[in-house]
Amino acid sequence: MRYTILLLSVLFLQCSTPKNLVGPKGAVNPYQYTSSKKVVVQNGAVASAHPLASKVGMEIMRQGGNAFDAAIATQLALAVVYPTAGNIGGGGFLVARRASGETVALDYRETASSLARRDMYLDAAGNVLQGKSLNGHLAAGVPGTIAGLFETAKYGNLPFAKLIQPAIDLAEKGFVLTDREAGSLNSIQADLAKYNTVKNAFQKESPWHGGDTLVQTDLANTLKRVRDAGAAGFYEGKTAQLVIEEMSRGAGIITLEDMKNYKAKWREPHIFSYKGYTIVGMPMPSSGGILLHQMMKMVEEKPLVTYGFQSPLAVQLMVEAERRAYADRAEHMGDADFVKVPEKALTDTAYLNQRMRDYKPGEAGSSQATRPGKLTHESEETTHLCVIDAAGNAVSVTTTLNNSYGSKTVVGGAGFLLNDEMDDFSVKPGVPNLYGAVGGEANAIAPGKRMLSSMTPTIVLKDGKPFLVVGTPGGTTIPTSVYQTILNIIDFGLRTEDAVYKPKFHHQWLPDEIAVEKSFPTDVRTALEKMGYKITERGSIGRVEAIKVLPNGSFEAVADNRGDDAAEGW
Ligand code: DON
C-alpha cells in the first residue's frame with residue numbers, strides 16, 4: 001500500500017510539474033538543435049528567422065496555445081536568440097485573421113519622443129548630421145514591442161507568464177552560437193564600444209566563435225520584470241528608469257513620460273481583392289499595405305501570366321508598377337494620425353489605371369518623368385514570422401530595430417538594444433534615408449509621431465479562409481518582395497519554396513534603377529538593359545517566410561534560404 005501511494009505521488013508529481021520547455025532535456029535544446037526549411041503539417045506551423053524561436057512557437061501551440069500565443073512566444077524568443085532584429089527595444093506590425101473570421105491589424109511602431117523636433121538631425125546650416133538618426137541614443141524611438149505583445153495576448157489562450165518563460169530561459173541559461181552568429185557579433189564590436197559606456201553581454205575581449213554560449217543575464221532580468229509586472233515591467237519602474245539613465249549617458253531624448261505614455265494601436269487592416277483572392281495588409285503608419293495594393297492592381301488586368309515567370313516583359317511590367325507606387329510613397333505617405341494620407345485616392349482603380357497610361361511594354365520608363373501622382377480628390381534588419389493553427393487563426397508579424405542591431409546602443413543593466421527607427425522619418429525633404437527612400441512633409445519628424453514604415457505583414461484569403469501568410473524584412477524592398485512572392489504563387493503557379501527562393505528584383509522610383517540579386521538570370525538582365533534600364537546588383541533581397549494552406553487543409557511552411565530561417569510544425 002505504502003509503495004502504491006509513493007508510486008502514485010511520484011507519477012502525480014511528474015505530471016503536475018511542468019517540464020521546462022527550454023533546456024538540455026526540454027523540447028527546445030538551445031545547446032544542440034536541428035533546423036528545417038520546409039514542413040508540411042496538419043496542426044500548426046511557425047516560420048521565423050531562427051530555429052530556436054520557431055521551435056518555441058511550435059511547442060507553445062502543442063501545449064494548448066493558439067497562433068497568437070505562438071506569435072508572442074516566438075517574438076520574445078527572437079529578442080534573445082536573434083539580437084540583430086528580434087527585439088524588445090524596437091517595434092512592429094501584426095496582421096491576423098482570427099478563427100472567427102475577423103481580420104485585425106496591430107500597430108506597435110516606435111514613436112518619436114515628445115522632445116523630438118523636425119530638424120533634430122540637421123546642423124545650424126541645415127545640413128544632415130550624418131549618422132545621428134542611425135547610431136547611438138538619439139536614433140531611438142520609444143519602443144513599442146512589449147505593448148504590442150500584451151495587446152496581441154488578448155487573442156491568445158495561455159497566460160503571458162508561460163509565453164515569456166522560454167525567452168527568459170534562453171537568456172538566462174544561454175544558447176549556442178552558430179559560426180554566422182559569432183561572426184555577426186564580432187562585426188559590431190567596434191560599434192558597441194563606440195555607442196555604449198556600460199558593458200553588455202554582446203561585448204567580448206576576444207572574438208566570438210561558433211559553439212560559444214551567449215548568456216544575457218540583464219535581459220533575463222528585464223524579461224522577468226515584464227513577466228511579473230506586465231507591460232509596466234517595461235514602461236515603468238526599474239526598466240524605464242534604466243532606459244532614462246541610458247539616455248542621459250548618450251544625450252538621448254526619451255523621457256519617463258514617453259515610456260509611460262506608449263500605446264500600441266489597433267488599426268483597420270488595409271483590405272483589397274486580387275483575382276478572386278482577398279489581401280489583408282497593414283495600413284499606415286506602414287506604407288506596406290497600400291504599396292502592395294497599388295502594385296498588384298496596376299498589373300491585375302495586364303497579361304502577366306502570358307508573359308510568364310521572370311520573362312523580361314513580366315519583370316518590366318512589375319518594375320513599372322513598383323516605380324509608380326514608390327513615387328507616391330515619397331510624397332503622400334506618413335503617420336495618418338498626424339497627416340492626411342489620401343488612402344482611397346491612392347488606391348482608386350481609375351487613378352491606378354491612369355498611372356499606368358504611359359507604361360510601354362518593352363521600353364524603360366523614367367523616374368524623372370514619373371512624378372508622385374497628383375491627387376485632386378479624396379475619394380538591413382528586420383524580421384518576419386508567420387504562424388497558423390488548426391482552429392483557423394493566422395498571424396503575420398514583422399518586427400524590427402531598423403538597422404542590424406538597431407542603434408547599437410544597449411540599455412545599460414537592462415540588456416536590450418535600442419532601435420534606430422528615427423531614420424525612417426524623412427530627416428530632411430529629399431535626403432535619402434538608409435534605404436535610399438526620400439520623403440517630405442507627410443513623413444517629417446514631429447513629437448509623438450510614428451515614422452513611415454515599409455513593413456508588409458500580409459495574409460491572403462481564399463473564400464474567406466487563410467490561403468497564404470507571408471512577410472519579410474528588407475527595408476524598402478519589403479513591399480516588392482511580398483508583391484513578387486504573392487504573384488509568383490497566384491499568377492505564375494510556382495511552388496511555395498520557389499516563390500520564396502527565386503531571385504528577386506526591386507525598383508523604388510529613386511534611384512532610377514532596378515536592383516537585382518546576384519543570381520538573377522543574366523539573359524533577363526541583358527534584355528532589360530536593352531529596354532533602357534540601369535541594373536545594379538546587390539546582396540539578398542528579403543528573407544521571406546511563408547505558410548500556404550494546401551487544398552487538403554495541410555500547412556506548408558517555408559523559411560527563406562537566404563538566412564538561418566527555419567520552419568517548424570506538427
Ligand atoms: O520599417 C521599415 O520599413 C524599416 N525600419 C524596416 C527595416 C528592415 O527591414 C531592415 N531589414 N533588413
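Just so you know, these numbers come straight off a predicted model, no measurement behind them. Position 1 is the first residue of the sequence, and the numbers go up from there. For ligands, and for the atoms within them, numbers begin at 1 and follow the listed sequence.
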> Is R543 in contact with ligand 1, taking contact as a heavy-atom separation below 4.0 Å?
Replying inline: no
> What atoms of ligand 1 come closer than 4.0 angstrom to any heavy atom of I478?
Replying inline: 9 (O)
> Where the closest heavy atom to atom 6 (C) of ligand 1 is concerned, which of T476, T383, N433, T382 has it?
Replying inline: T382
> Distance from Q75 atom CD to L94 atom CG, nearest 0.5 Å?
Replying inline: 7.5 Å
>> If the cut-off is 4.0 Å to any non-hydrogen atom of M455, which atoms of ligand 1 fall inside it?
In response: 1 (O), 3 (O)
> Can you find an N/O atom of G475 closer than 3.5 Å to an N/O atom of ligand 1?
Replying inline: yes
> Rounded to the nearest 0.5 Å, what separation is found between the CE atom of M455 and the NE2 atom of H384?
Replying inline: 11.0 Å
> Can you find an N or O of D424 that's nearer than 3.5 Å to an N or O of ligand 1?
Replying inline: yes
> Does R562 pair with D560 as a salt bridge, N-O distance under 4.0 Å?
Replying inline: yes
>> Please verify the inter-ring angle class for H293 with H270; under 30° counts as parallel, over 60° as perpendicular, anything in between as tilted.
In response: tilted
> Taking only heavy atoms of N402, which atoms of ligand 1 are found under 4.0 Å from at least one of them?
Replying inline: 4 (C), 5 (N), 7 (C), 10 (C)
>> Looking only at the aromatic ring of each residue, does the gap between the centers of Y326 and H506 stay below 6.0 angstrom?
In response: yes
> Can you tell which part of E421 has a heavy atom less than 4.0 Å from ligand 1: side chain, backbone, both or neither?
Replying inline: side chain
> Numbering the atoms of ligand 1 from 1, which are under 4.0 Å from a heavy atom of S454?
Replying inline: 1 (O), 2 (C), 3 (O)
> Between K502 and E517, does at least one N-O distance fall below 4.0 Å, as a salt bridge requires?
Replying inline: no
>> Suppose we call two aromatic rings close when their centres sit under 6.0 Å apart. Are F234 and F416 close by that rule?
In response: yes
> Between Y277 and F467, what is the ring plane arrangement, given parallel below 30°, perpendicular above 60°, and tilted in between?
Replying inline: tilted
>> Give the atom numbers and elements of ligand 1 that come within less than 4.0 Å of a heavy atom of G474.
In response: 8 (C), 9 (O), 11 (N), 12 (N)
> Can you find an N/O atom of P473 closer than 3.5 Å to an N/O atom of ligand 1?
Replying inline: no
